[in-house]
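Since the structure comes first, as structure tokens, the remarks are kept for the end.
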Amino acid sequence: TGGNKVHESDGFCAALPFFLYSRSVNSIKNIISLVSTSKVSIKYGLAKFHLLDFALNGKKDPISFFTRKYKNNAYFKEVVQGIKMVKRLKSKSHNYVVKKIGISCRYPGTFNSAIHAIIKSNNYKSAILSTIRAGGCNCSRSNFVGSYFAALKGFKTIPTNWILKCLHSRKIISLSK
């Protein structure tokens, strides 16, 4: 969506079902590129999918694993630097950090704000609630934060009462089995 200066997460959102179906990062850049022409959006979308892939493949701390794996990678240099900066801000409130580094849908702020919610929280519910309370474009942050915790800790990490509030949740769950 938009031109090459629109650095938003629509490509990630569009590619997420494909990734979950294929469980492969290999073709994901092509899928993101169908929706987003921004190199920044593609880079941060790919970073998100690598983090999800690491979580799904049993890495206990996918964020630290990502920073170690890509610390000398020129393509992900900005992403790694952002994660390191966010880790230094871990002691700060999530609302403060979001307002400081990115309350809008725009990368890199939306990515870094989502990373802060993840490292500040220890579960799906607290991460999503803190993301919502921080305001701004919390949907772009929440879709990644929720995906991350579900990939890391499994479907059961999503509060059952939240799932049951969705009109078609039972049907979706039965179709997923």
Side-chain angles (χ1 to χ4, degrees), residues 7-33 36 38-98 100-103 105-128 130-131 134 138 140-158:
H7 309 314
E8 296 182 355
S9 63
D10 296 347
F12 169 77
C13 295
L16 186 57
F18 174 83
F19 172 77
L20 294 172
Y21 179 77
S22 70
R23 293 283 300 265
S24 172
V25 179
N26 295 337
S27 302
I28 212 72
K29 183 176 182 178
N30 296 333
I31 305 299
I32 296 171
S33 299
S36 179
S38 160
K39 290 179 182 178
V40 172
S41 295
I42 294 167
K43 179 189 312 182
Y44 279 93
L46 286 172
K48 287 178 176 180
F49 284 114
H50 281 289
L51 289 166
L52 294 180
D53 190 51
F54 297 152
L56 287 167
N57 286 307
K59 300 295 181 206
K60 297 294 180 216
D61 184 354
I63 295 170
S64 293
F65 184 81
F66 180 94
T67 57
R68 281 192 312 276
K69 180 172 181 167
Y70 294 111
K71 69 180 175 186
N72 296 319
N73 181 293
Y75 184 73
F76 285 126
K77 181 180 180 181
E78 179 185 5
V79 177
V80 170
Q81 288 172 339
I83 291 171
K84 288 179 179 179
M85 181 255 314
V86 169
K87 284 185 171 187
R88 288 190 300 272
L89 296 171
K90 183 178 179 179
S91 65
K92 303 288 184 190
S93 79
H94 187 60
N95 285 359
Y96 169 82
V97 171
V98 168
K100 180 177 170 59
I101 64 174
I103 197 165
C105 298
R106 191 170 174 81
Y107 287 126
T110 189
F111 177 85
N112 291 331
S113 294
I115 294 295
H116 187 266
I118 290 167
I119 65 171
K120 190 86 175 163
S121 305
N122 60 5
N123 63 58
Y124 181 100
K125 183 178 180 178
S126 67
I128 294 295
S130 68
T131 300
N138 52 38
S140 67
R141 297 188 310 271
S142 293
N143 64 48
F144 173 59
V145 169
S147 299
Y148 177 88
F149 274 105
L152 185 66
K153 297 186 177 190
F155 173 74
K156 300 223 184 275
T157 193
I158 304 169

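Values in this document were obtained by computation on a predicted structure and should not be read as measured data.
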*asked:* Any non-hydrogen side-chain atom of Ile115 less than 4.5 Å from a side-chain atom of Leu51?
replied: yes
*Assess whether side chain to side chain contact (heavy atoms under 4.5 Å, CB included) is satisfied between Ile119 and Val86, documenting all intermediate values.*
CA-CA 9 Å; Ile119 65 171; Val86 169; 3.8 Å; yes
_Does Lys153 have more than 12 heavy atoms from other residues, nucleotides or ligands lying within 6.0 Å of its NZ?_
yes
_Of Phe49, Phe144, Phe12, the residue whose pairing with Phe19 passes ring-ring contact (aromatic ring centres under 6.0 Å, His included)_ = Phe49
*asked:* Between His94 (side chain only) and Ala134 (backbone N and O only), is there a donor and an acceptor less than 3.5 Å apart?
replied: no
*Tell me, do Ser27 and Ser22 make a side-chain contact under 4.5 Å, heavy atoms counted?*
no
*For the residue pair His50 and Phe66, categorise the inter-ring angle as parallel (less than 30°), tilted (30 to 60°) or perpendicular (more than 60°).*
tilted
_Donor on one side chain, acceptor on other, Thr110 and Ser9, under 3.5 Å_ = no
*Is any side-chain heavy atom of Pro108 less than 4.5 Å from a side-chain heavy atom of Glu78?*
yes
*Does the side chain of Ser64 reach to within under 4.5 Å of the side chain of Lys87, using non-hydrogen atoms?*
yes
*Between CD1 of Ile101 and CZ of Phe111, what distance do you get to the nearest 0.5 Å?*
10.5 Å
*May I ask you to check whether over 12 heavy atoms, not counting those of Lys100, lie within 6.0 Å of atom NZ?*
no
